[in-house]
Amino acid sequence: MKHPLLIAVLTPQAAPETRGLRIMRLVWMALCASLAGAVLGLQVLLALLGPKGALVAAALCLAAPIHGLFYFRAKIRADEAFERGEGA
């Protein structure tokens, strides 16, 4: 007999990552890293592009959470389907 904690640790808690989910995750991570870079390099963007340089950071401020919403919804659906035994 195995201890219940050991069983819980050995049981997969999430669905295997599909190619589509992996791509979505990597895009989301790239958007977040780009947003961080744009915020840290805002002075450089402003020097290179003038007032329009801030639009880069603004666009990333919108794109990262919107894409994140789609990614996390897809991930939750995949995890729930896996939990029900619908996915392998």
Side-chain angles (χ1 to χ4, degrees):
M1 183 168 144
K2 291 184 180 179
H3 191 275
L5 184 58
L6 181 61
I7 293 170
V9 168
L10 296 175
T11 303
Q13 299 297 312
E17 188 173 54
T18 64
R19 185 172 189 263
L21 282 175
R22 182 173 188 266
I23 290 170
M24 287 182 77
R25 178 178 54 85
L26 293 175
V27 168
W28 178 70
M29 290 170 55
L31 285 169
C32 291
S34 298
L35 176 57
V39 169
L40 292 174
L42 192 55
Q43 295 297 327
V44 174
L45 285 172
L46 291 173
L48 291 173
L49 303 173
K52 293 185 180 180
L55 292 177
V56 174
L60 289 168
C61 279
L62 292 174
I66 289 171
H67 182 74
L69 176 68
F70 286 110
Y71 166 67
F72 286 112
R73 288 180 69 192
K75 177 67 174 150
I76 289 169
R77 280 194 307 269
D79 289 344
E80 288 173 351
F82 181 74
E83 190 176 297
R84 289 190 306 267
E86 295 174 7

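- Scored by the side-chain contact (heavy atoms from CB on, under 4.5 Å) test, F70 finds M24, I66 as partners (sequence neighbours excluded).
- For the pair A38 and V56, the tightest heavy-atom approach, listed with the atom from each and the gap, is CB-CG1, 4.5 Å.
- Classified by interplanar angle (parallel below 30°, tilted 30° to 60°, perpendicular above 60°), the ring pair F72/W28 is perpendicular.
- Listed by chain and residue number, E17 satisfy the salt bridge (charged side-chain N to carboxylate O under 4.0 Å, His left out) test with R25 (two or more places apart in sequence, or in another chain).
- By the side-chain contact (heavy atoms from CB on, under 4.5 Å) test, V27 pairs with I23, L31, H67, sequence neighbours left out.
- Taking the side-chain contact (heavy atoms from CB on, under 4.5 Å) definition, one finds that R73 meets it with L69, R77, sequence neighbours left out.
- Closest approach of C61 and L35 over heavy atoms only: SG-CD1, 3.7 Å.
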Give the table of side-chain donor-acceptor pairs shorter than 3.5 Å for residues 42-54, with sequence neighbours excluded, one pair per line with atom names and distance.
none

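- Sorted by first and then second residue, the ring pair (Phe, Tyr, Trp, His ring centres under 6.0 Å) pairs with a member in residues 42-66 form an empty list; sequence neighbours excluded.
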